[in-house]
Amino acid sequence: MNPPNDTYRPDVLTANRPLLWGAAFLSVIMMAPVAWLVGLSIKSNQDLMVGTDSVFRAPYTIANYLNILHSSQVFGWFFNSLVVATGETLMVLILSSLAGYGFARLEFPFRRTLFIIVLFGLAVPEQAVIIARHQMFNWFGLHNTYLGLMLPGMSGAFGVFLMTQFFRAIPKDIDEAALLDNASQWRIFWKIMLPQTLPAQATLGIFTFLHGWNDYWWPLISATKKEMYTLTVGLASSQSNFAQSEGLGFLAAQAVFASVPALIVYVIFQKHIVTAVSGGAVK
Amino acid sequence: MAESYRRSQWSHGLFILPYLLVFLALLVFPLFWGMWLSLHKVDLFGPGRFVGLTNYIRVAGDAVFLQALRNTVVFVLVSVPTLVALGLFLALALNRTTRTTSFFRGLFFSSSVLSVTIVTLIWRFVFIPGDGLLSVLSEQAGWQQINFISTQGWSLFAVGVTTVWWCVGLPMMLFLAALQQVPQDLYEAAALDNASPWRVLTRVTLPSIARTIMLVTIIQIVFQFQLFGQAQLMTNGGPNGSSRPLVMYIYEVGFIRWDVGRAAAASQYLFLIILIAAMAQYVVSSRKTEDGA
């Protein structure tokens, strides 16, 4: 996306007042459920038992958050999510950079054919492969392992597609000069080309991390042992006794706690996310 | 270009080899293995037995599958236009860079980075009868309460509201990107003609971003046909299967009843639907190059 410019725009339609008020109204609807969740999370479970409208009145407490600190289970799931999302991100970055460089700047037999086949991979939804994948992972004993949780995320074709585009955009003369110095392809890739793609790495990395952190279906199927749950599946499992023993406030606090990492990544890397979302799909 | 050093070499293929192996092992092989499985009667134990198209015929005749298909189609028909319209509205309202609009953009996209578990948790806190935000508010207002999640006809609606809340950020961002590329002289010309805002919208803005509207619609169709987590976590498909989507049918048949062959057949039906939508997207987006745009 082009950086939005603040130069004079004929103001016939863009951002006129009524539309902006409409958006402001929608933002209230957008935020209300979140405010409600945060409200519940800072109320004692006893107060909530009497009635959830007690949210609108003091006293408030951070006891629910302190309870998370004492709940090793939630922390274990948090750790699993961190391992899976980080591992998946690193592997995707490595695989996609190598493949993107190969497809964009090198010649080898069947290059075009292979690239087209990989692009077809973009159109395959997870549902079409998940049954067979589950069976395969069963053969190799990969269920309930970190590797088993990470692997499916590495096969996506999006990263290769993105990196190929970025490597193609790098001017030709950069590596030609290096070749005259008899540098090896590997050296050119590692020392010269890869540093040029850091913004792309950031974008792809953030997306892969968020995907790995938020994925629900595969961990639901693959992680059957409670200690191997990721945070998404673990929280889903504690939703089943909704509003029961653990209490609404505690559940709400867990939800707030679990969404914080994704929101932090979002706030810090907002620029990269916007670039990828708006640039990647439309152009 | 110095052809001498770019000449084709097998060793250059080593760069793509690692990904290619993962791609073949985790995408291509399972894709064909899934098709193979769909032609067999397979359960959790022991090898399958070849049954031809039986699984496909049985799935197509399964009332539960047909209900799931109908639910999914209804869901897509309602949620996708809502997402497109709302996304377009937000993009039009926020298409300008001030501190306020950047804040709103960030806000409307922020829900997209949450996991489905969190999103459904938030909305269950809204919808639960008695204790939910809606209950509390309607009690204050003196309205009659509806138990959205466990009422037939309302449960899918609740799933839809949650989905729109979760997903509206992406269409908004895509429309914003498209609006940035509308040539400014069109607006200047319209301003000289004293065109009304409505006329500018219908004669300049919308025609200029027509292809993006089409693309966003198709992307959302592909996305929303894969509905699963919201329905499973909020309503568990109920009541009476009235909110069970296709993916949940596949999940239940494959991973709860372990009728692997039949689940594979059902997933091929879904694949076909999504493939048609993906092909439509390819056609629409490749038309761009013909226009030279």
Side-chain angles (χ1 to χ4, degrees), chain A residues 1-2 4 6 10 12-15 19-20 22-23 27 30 33 36-37 40 52-53 95 98-99 101-103 106-109 118 121 123-125 127-129 131-133 136 151-152 154-155 160 172 176 179 210 214 216-217 221 232 235-236 239 255 258-259 262 266 270 277-278 281-282, chain B residues 2 5-6 8-9 12-13 15-16 18-19 22-23 26-27 30-31 33-34 37 90 92-97 104 107 113-118 121-122 125-126 131 133 136 173-174 177-178 180 187-188 190-191 197 200-201 212 226 229 233 247 250 254-255 260 263-264 267 270-271 274 278:
Chain A
M1 185 167 94
N2 299 325
D6 268 319
V12 234
L13 186 84
T14 48
L19 287 179
L20 205 52
S27 75
M30 193 77 185
W36 180 247
L37 178 81
L40 291 176
T52 45
D53 54 351
L95 294 174
L98 285 170
Y101 177 68
F103 279 128
L106 297 176
E107 283 292 338
F108 49 88
V118 168
V124 178
Q127 290 82 22
V129 296
I131 309 271
R133 219 182 242 171
M136 287 168 59
L151 272 173
M154 297 179 200
S155 62
V160 174
K172 288 247 153 58
E176 281 178 7
L179 266 166
L210 285 176
N214 288 336
Y216 176 62
W217 207 29
I221 292 164
T232 49
L235 267 192
Q239 280 189 49
S259 43
Y266 173 60
Q270 204 174 358
V277 164
S278 43
V282 176
Chain B
Y5 79 87
R6 280 186 197 279
S8 193
Q9 279 182 24
H12 287 165
F15 278 94
I16 64 155
Y19 175 73
V22 175
F23 178 76
L26 291 169
L27 207 75
L31 184 64
W33 185 249
L37 281 175
L90 289 173
L92 289 171
L94 304 176
N95 181 29
R96 197 200 222 186
T97 330
F104 279 141
L107 184 77
V113 303
L114 298 175
S115 72
V116 67
T117 314
I118 307 289
L121 200 49
I122 292 174
F125 280 122
V126 173
D131 288 330
L133 179 60
V136 171
M173 288 293 192
L174 296 177
Q180 300 271 329
Y187 287 116
E188 278 158 25
V200 175
L201 175 71
T212 306
Q226 304 182 37
L233 290 166
V247 177
I250 298 169
F255 300 107
V260 173
S267 70
L270 180 65
F271 183 31
I274 290 176

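Every chain is numbered from 1 and lettered A, B, ... according to where its sequence line falls, protein lines coming before strand lines.
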Leu31(B) portion near chain A, given a 4.5 angstrom heavy-atom threshold: both
Greatest number of non-hydrogen atom pairs under 4.5 angstrom with chain B, of Leu37(A), Leu98(A), Leu151(A), falls to Leu98(A)
Pair count under 4.5 Å, heavy atoms only, with chain B: among Ala255(A), Pro125(A), Gly121(A), highest is Pro125(A)
Those residues at least two apart in sequence (or on a different chain) that pass side chain to side chain contact (heavy atoms under 4.5 Å, CB included) with Pro33(A) are Ile122(B), Trp123(B), Val126(B), Trp165(B)
Close side-chain approach of Leu90(B) and Leu19(A), heavy atoms under 4.5 Å: no
Heavy atoms only, distances under 4.5 angstrom: which of Ile221(A), Leu210(A), Val124(A) has the most pairs with chain B? Name it, please. Ile221(A)
Contact leader toward chain B among Pro152(A), Gly22(A), Pro109(A), Gly102(A), where contacts are heavy-atom pairs under 4.5 Å: Pro109(A)
Between Met136(A), Met30(A), Gln270(A), which shows the greatest number of heavy-atom pairs under 4.5 Å with chain B? Met30(A)
Nearest 0.5 Å, please: how far is CG in Leu95(A) from CZ in Phe23(B)? 12.5 Å
Which residues share a side chain to side chain contact (heavy atoms under 4.5 Å, CB included) with Ala132(A), sequence neighbours left out: Pro30(B), Trp33(B), Leu37(B)
Any idea which of Val136(B), Val22(B), Leu270(B), Val113(B) has the most non-hydrogen atom pairs under 4.5 angstrom with chain A? Val113(B)
With distance as the sole test, does Tyr101(A) use its side chain to make a donor-acceptor pair with the main-chain N or O of Ile16(B) at under 3.5 Å? no
Could you check if a side-chain atom of Thr117(B) sits within less than 4.5 angstrom of a side-chain atom of Tyr216(A), using non-hydrogen atoms only? yes
Do Ile118(B) and Asn214(A) make a side-chain contact, defined as non-hydrogen atoms from C-beta onward lying under 4.5 Å apart? no
Out of curiosity, Leu114(B) CG to Ser259(A) OG, how far, rounded to the nearest 0.5 Å? 5.5 Å
